[in-house]
Amino acid sequence: KKSISRYLSLRDKKGKQISHIKAIAKGSRGKLYLGTLEGLGIFDQKEGTIDYLPIGGTTSLDNRRINALIAEDSNVWIGTHHLGVWVINADGKIEALGNNAGISIQALYAIEENIWIGTTEGLFGYNKKSKKATQYPAFNQHTVLSLFMDSQKRFWVGTDKGIALFNPLTNEKHCITEETGLINNIIEAIVEDNQGDIWVSTQKGLSKISYSGNNENFSDKNLSIYNYTSNDGLPSNQFMQGAALKTKNGELLFGGVNGL
């Protein structure tokens with residue numbers, strides 16, 4: 001029998017209530033990491049509390065904020081608000097990913113040997129083998145908010161200026177914006193349905209993108225966009241960053257300011 005545990009008053013070890021959880025990831029040893037406004041915590045499910053881990057030795061509340069987390073192989077990758085990317089390895093050691101202090105991380109996404117990093121300063125790719133980071137000039141004037149690779153191996157980059165179908169090998173991007181038909185340019189999350197269509201959540205509703213082309217030969221002729229708002233039954237038009245999921249039965253879930 002399945003059961004649901006609800007922690008109405010999640011608190012840290014000092015008893016302070018935790019109100020905002022921005023990211024969740026499960027580490028290789030079963031530890032559950034929570035990214036909060038107050039920092040990176042390990043969740044004690046039995047006690048219903050979290051214990052914070054130090055990131056960069058900072059005491060500034062704004063610097064402690066965690067915006068993104070992903071668990072990949074034996075590592076947990078951490079996207080901070082002002083201290084760049086950090087990683088927890090299998091031994092529990094925490095270290096910075098190069099010298100990226102001052103960069104605000106908005107999204108993390110793992111594809112094979114690369115960790116893709118969305119920031120307020122554009123898009124970066126970190127290769128785990130070479131341990132080198134590359135910035136992609138196509139997004140230098142964008143805040144990258146969300147990242148997704150679909151079932152056809154097409155790479156989608158959600159920004160504050162719309163969503164782009166992007167080819168990292170050529171640095172070419174093909175933008176889909178409000179002018180093309182999107183409900184809104186601020187792309188909070190990206191997910192694919194069972195029919196291969198791409199859904200994006202924004203600050204003004206949902207858009208479904210049907211595209212039959214490929215990365216190399218983008219054409220608006222192959223593009224169809226369908227928009228959905230509160231007039232279509234949504235509880236709210238404003239959605240939260242990163243809050244999208246496809247369930248095992250194919251249902252799409254989106255988190256917004258008025259719930260799921």
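Heavy atoms only: backbone and side chains are in, while hydrogens, waters and symmetry mates are out. Quick caveat: nothing in here was measured; it's all calculated off a predicted structure.
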(message) Please determine whether side-chain hydrogen bond (donor to acceptor under 3.5 Å, both in side chains) holds for the pair Gln106 and Ser104, giving the CA-CA distance in whole Å, both sets of side-chain angles, and the decisive distance to 0.1 Å.
(response) CA-CA 6 Å; Gln106 299 296 308; Ser104 180; 3.0 Å; yes
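The ring pair (Phe, Tyr, Trp, His ring centres under 6.0 Å) search around Tyr226 returns none, not counting sequence neighbours. Annotation: side-chain contact (heavy atoms from CB on, under 4.5 Å) contacts of Glu112 (sequence neighbours excluded): none. Under the side-chain contact (heavy atoms from CB on, under 4.5 Å) criterion, Ile111 pairs with Tyr109, Trp116, Met149, Phe155, sequence neighbours left out. Remark: Asn231 engages no residue in a side-chain hydrogen bond (donor to acceptor under 3.5 Å, both in side chains) (not counting sequence neighbours). Among residues two or more places apart in sequence or in another chain, the side-chain hydrogen bond (donor to acceptor under 3.5 Å, both in side chains) test is passed with Glu113 by none. Not counting sequence neighbours, the partners of Thr247 by the side-chain hydrogen bond (donor to acceptor under 3.5 Å, both in side chains) test are Asn249. Judged as a salt bridge (charged side-chain N to carboxylate O under 4.0 Å, His left out), and not counting sequence neighbours, the contacts of Lys128 are Glu72, Asp73. Residues satisfying the side-chain hydrogen bond (donor to acceptor under 3.5 Å, both in side chains) test with Asn127, not counting sequence neighbours, are Asn114, Ser130.
Between Asn185 and Thr177, the side chains place no donor N or O within less than 3.5 Å of an acceptor N or O (distance only, hydrogens not considered).
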Which atom pairs, one a donor and one an acceptor, fall under 3.5 Å between side chains of residues 131-144 and the rest of the protein, sequence neighbours left out?
unit_1: Gln135; atom_1: NE2; unit_2: Glu121; atom_2: O; d: 3.0
unit_1: Gln135; atom_1: NE2; unit_2: Asn140; atom_2: OD1; d: 3.3

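Under the salt bridge (charged side-chain N to carboxylate O under 4.0 Å, His left out) criterion, no residue pair touches residues 184-193, with sequence neighbours excluded. Listed by first then second residue, pairs satisfying salt bridge (charged side-chain N to carboxylate O under 4.0 Å, His left out) with a partner in residues 240-253 number zero, not counting sequence neighbours.
More than 12 heavy atoms of other shown residues, nucleotides or ligands fall within 6.0 angstrom of atom CD in Glu95. Within a 6.0 Å radius of NZ in Lys161, other residues, nucleotides and ligands contribute more than 12 heavy atoms.
By the 4.5 Å side-chain criterion applied to Ile, Leu, Val, Met, Phe, Trp and Tyr, Ile186 is assigned to a cluster that also includes Leu145.
In this structure, CD1 on Ile225 lies 11.5 Å from CG on Asp197, to the nearest 0.5 angstrom.
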